[in-house]
**Q** 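First, the structure itself, so that you have it in front of you.
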Amino acid sequence: MSDRHQFAAWGNGWGLAKFRSTRQVYAETGLATSTLELDRLVGDNAAYTLGYYRRLACLVEPHYRDRLLRAIRPSGTERLTEAHRQGRGLVIVAPHLGDFDVAVAWIAAAIGSAPVVPVASLGRPLAQRAYAVARRACRFDLVDARQASLPALNANLRAGRAVILTLDRRAGAKTLSAQLFGRQTQLPAACISLARRAGAPLLSAATWNRRGERALAFGELLGPGTSSERDDDGVLMQRLATDVEAAIRAAPQQWHIPAHLGQFSATAPNDSPLDHEPKGMLHPDVAAALPRDRPSTSFEGFDEALA
């Protein structure tokens with residue numbers, strides 16, 4: 001089989017797995033409560049993802065990248081500035097949402113240094129290299145997640161650098177439980193462990209596109225050196241999870257859901273709601289699990305960003 005045919009076969013297999021994963025996660029999280037809503041959301045996500053990949057490929061071009069950066073409308077930036085000014089490092093916790101890469105480029109320009117971003121292996125070398133080229137152009141300091149030990153990341157924090165971690169990816173060995181989309185979910189605890197060890201504050205952040213502009217919201221500073229310093233780790237995780245959920249709800253079609261189900265499958269019912277949909281609706285447990293109101297969030301200007 002030629003390289004071209006092998007690539008096409010890989011793409012078709014990955015695309016089918018991602019479609020199934022996206023559909024199941026949207027159902028399990030209650031972001032769609034009817035079959036019609038679910039179909040529309042999956043379609044919107046596919047369209048957004050195609051546009052995202054097109055923009056990602058163009059980020060190596062400085063003029064294009066600068067144009068996207070000028071479209072960012074940030075809120076809560078004084079929190080980022082204050083955390084960076086303290087010189088104790090900063091752990092930024094975010095969902096993998098929107099044009100994440102452009103937001104990191106904006107943060108790098110704002111603090112004057114490249115944030116450290118651990119990345120997992122995709123198992124697809126060609127795609128991995130393409131991501132790396134675009135993200136280094138956006139001033140990511142990429143480190144292999146398999147080699148990003150807590151002591152190594154802690155050293156970066158002690159040097160006053162920012163470390164960016166995503167909360168909506170597969171959890172590692174150490175987890176903390178928090179309510180996310182109406183269910184108790186095990187979330188990666190590395191962000192809080194790092195902050196505690198280095199004495200660095202935690203800051204939630206999220207970006208999403210809306211009407212040609214890019215919202216970039218920063219949450220309340222948490223953890224060491226803040227008013228929440230003495231809060232239990234579980235309390236801190238819940239506050240971070242609430243911000244992450246609120247951001248995803250703002251633009252669910254822009255959520256980068258991996259082809260594997262990540263932590264959502266670990267806490268999902270044994271039988272998927274998609275295996276037995278009632279006529280015209282998803283499984284009632286999914287619809288009943290979560291109120292439709294947006295959760296309370298610490299993102300400053302969040303409601304204005306949604307207007």
**Q** Determine whether a donor-acceptor pair (N or O, by modelled atom type, separation under 3.5 Å) exists between the side chain of Arg73 and the backbone of Arg70.
**A**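 Here the side-chain-to-backbone pair exists.
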
**Q** How close do Pro115 and Ala108 get, heavy atom to heavy atom, and via which atoms?
**A**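 Smallest interatomic distance, heavy atoms only, reads CD-CB, 3.6 Å.
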
**Q** So if I apply the side chain to side chain contact (heavy atoms under 4.5 Å, CB included) rule between Met237 and each of Asp232, Leu222, Leu187, Val93, which one comes out positive?
**A**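 Among Asp232, Leu222, Leu187, Val93, the one meeting side chain to side chain contact (heavy atoms under 4.5 Å, CB included) with Met237 is Leu187.
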
**Q** May I have the step-by-step check of side-chain contact (heavy atoms from CB on, under 4.5 Å) for Val91 and Leu157, ending in yes or no?
**A** CA-CA 8 Å; Val91 180; Leu157 290 171; 3.8 Å; yes

**Q** Counting N and O atoms only, with roles assigned by atom type, does the side chain of Arg135 sit under 3.5 Å from a partner on the main chain of Phe140, one being a donor and the other an acceptor?
**A**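 Such a contact is absent between Arg135 side chain and Phe140 backbone.
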
**Q** Using side-chain heavy atoms (C-beta onward) and a distance below 4.5 Å, is Asp233 in contact with Arg196?
**A**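 When only atoms from C-beta onward are counted, Arg196 and Asp233 do touch, with a gap below 4.5 Å.
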
**Q** Starting from the C-alpha separation in whole Å, work towards a yes-or-no answer on side-chain hydrogen bond (donor to acceptor under 3.5 Å, both in side chains) for Tyr26 and Asp39.
**A** CA-CA 10 Å; Tyr26 278 145; Asp39 290 342; over 6 Å; no

**Q** Please name the pair of heavy atoms, one in Ile111 and one in Ala162, separated by the smallest distance, quoted to 0.1 Å.
**A**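 Minimum heavy-atom contact is CD1-CB, 3.9 Å.
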
**Q** Quick check: do Leu31 and Val25 have side-chain heavy atoms less than 4.5 Å from each other?
**A**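 The answer is no; the side chains never approach within 4.5 Å.
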
**Q** Would you check if Ile92 and Leu165 make a side-chain contact, meaning some heavy-atom pair closer than 4.5 Å?
**A**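 Side-chain contact under 4.5 Å: no.
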
**Q** Test your reading of the model: is there a side-chain donor-acceptor pair from Arg183 to the backbone of Glu28, 3.5 Å cut-off?
**A**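 Yes, the answer is positive, given that a donor and an acceptor are paired below the 3.5 Å cut-off.
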
**Q** Arg161 side chain to Asn156 main-chain N or O, any donor-acceptor pair under 3.5 Å?
**A**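 No, the answer is negative, given that no donor and acceptor are paired below the 3.5 Å cut-off.
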
**Q** Of all heavy-atom pairs between Trp208 and Ala247, which one has the smallest distance, and what is that distance?
**A**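 For Trp208 and Ala247, the tightest heavy-atom pair comes out as CZ3-CB, 4.4 Å.
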
**Q** Distance from Gln238 atom CD to Asp243 atom CG, nearest 0.5 Å?
**A**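 One gets 10.5 Å once the value is rounded to the nearest 0.5 Å.
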
**Q** Any ring pair (Phe, Tyr, Trp, His ring centres under 6.0 Å) involving residues 100-125? Give me the pairs, sequence neighbours left out, ordered by first then second residue.
**A**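 Sorted pair list: His96-Phe100.
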
**Q** Taking Pro118's backbone N and O only, do any of them form a donor-acceptor pair with Asp144's side chain (distance below 3.5 Å, no angle check)?
**A**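 No: the side chain of Asp144 does not pair with the backbone of Pro118.
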
**Q** Checking side chain to side chain contact (heavy atoms under 4.5 Å, CB included) against Val244, which of Ile248, Thr242, Leu240 comes through?
**A**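 It is Ile248; the other options fail the test.
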
**Q** Check the pair Leu236, Ser228 against side-chain contact (heavy atoms from CB on, under 4.5 Å), reporting the backbone distance first and the verdict last.
**A** CA-CA 8 Å; Leu236 292 179; Ser228 63; 3.8 Å; yes

**Q** Is Arg88 reaching over with its side chain to a backbone N or O of Gly199, donor-acceptor style, under 3.5 angstrom?
**A**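 Yes; judged by distance alone, with no hydrogens or angles, the pair exists.
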
**Q** Quiz question: by atom type and distance under 3.5 Å, do the side chains of Tyr53 and Tyr131 form a donor-acceptor pair?
**A**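 A pair is found: one side chain offers a donor N or O, the other an acceptor, under 3.5 Å apart.
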
**Q** Answer yes or no: is there a donor N or O on one side and an acceptor on the other, between the side chain of Ser34 and the main chain of Glu37, under 3.5 Å?
**A**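 Looks like yes, one N/O pair under 3.5 Å.
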
**Q** Mind checking the OG1-CD spacing from Thr226 to Gln86? Nearest 0.5 Å is all I need.
**A**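 Those atoms lie 9.0 Å apart.
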
**Q** Taking NZ, NE, NH1 and NH2 as the nitrogens, is one of them in Asp141 or Arg136 under 4.0 Å from a carboxylate oxygen of the other?
**A**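 So Asp141 does not pair with Arg136 through a salt bridge.
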
**Q** Is Arg85 paired with Glu82 through a side-chain N to carboxylate O contact shorter than 4.0 Å?
**A**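 Salt bridge: yes.
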
**Q** Ser177: what forms a side chain to side chain contact (heavy atoms under 4.5 Å, CB included) with it, not counting sequence neighbours?
**A**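 Ser177 satisfies side chain to side chain contact (heavy atoms under 4.5 Å, CB included) with Gln184, Gln186 only.
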
**Q** Does Glu245 come within less than 4.0 Å of Arg249, counting only side-chain N to carboxylate O?
**A**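 Result for this pair is yes, salt bridge flagged.
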
